[in-house]
Amino acid sequence: QPSEFIEGLAAEDLADATAAGIPRLRAISLSCEGFANVKPAIPLDARWPFEQWPSSIVAQEGSFTLVYVSNVFHISAWTVGVGILEGASRCLTEG
């Protein structure tokens with residue numbers, strides 16, 4: 001599921017932040033529309049504690065077999081990289 005950092009979006013606003021309401025998320029979702037196995041884009045600030053990540057991810061804790069991160073670590077703050085690694089460790093299945 002694609003995700004994108006949205007400047008100024010607070011964790012408590014995640015429930016109301018849909019791809020339809022945020023142009024950048026809508027553009028990402030539209031570009032993935034032809035792929036049946038790709039869900040709509042969601043907002044994510046990886047600096048947040050995992051419990052504040054989007055509920056669609058938190059609800060699936062420990063059930064992912066792959067976390068793909070592209071074009072992030074070299075342009076982001078250290079705290080973003082740490083958040084991604086901590087979040088991935090919570091998302092991935094053991095083994």
For a 4.5 angstrom cut-off between non-hydrogen side-chain atoms, does Asp45 reach Trp53?
no

Quick one, Val72 and Ile84 - any side-chain contact, counting heavy atoms below 4.5 Å?
yes

Applying the 4.5 Å side-chain criterion to the ILVMFWY set and letting contacts propagate, would Ile57 and Val38 be lumped into a single cluster?
no

Taking every non-hydrogen atom, the tightest pair across Gln60 and Ser56
NE2-O, 2.7 Å

Taking side chain as C-beta onward, heavy atoms only, is Phe5 less than 4.5 Å from Arg24?
no

Could you walk me through whether Phe73 and Val80 pass side chain to side chain contact (heavy atoms under 4.5 Å, CB included), step by step?
CA-CA 8 Å; Phe73 287 94; Val80 172; over 6 Å; no

So Ile42 and Leu25, side chain to side chain contact (heavy atoms under 4.5 Å, CB included) or not? Walk me through it.
CA-CA 7 Å; Ile42 55 172; Leu25 292 178; 5.8 Å; no

Considering only heavy atoms from C-beta outward, does the side chain of Ile28 approach that of Glu4 to under 4.5 Å?
yes

Would you check if Phe64 and Thr93 make a side-chain contact, meaning some heavy-atom pair closer than 4.5 Å?
no

Compare all side-chain heavy atoms of Ser3 with those of Pro43 and state whether any distance is below 4.5 angstrom.
no

When every non-hydrogen atom of Gln1 is compared with those of Pro40, the smallest separation belongs to NE2-O, 2.9 Å

So SG of Cys91 and CG of Leu66: to nearest 0.5 Å the spacing works out to 11.0 Å

Could you tell me whether Glu51 and Arg90 make a salt bridge, using a distance below 4.0 angstrom between a side-chain N and a carboxylate O?
yes

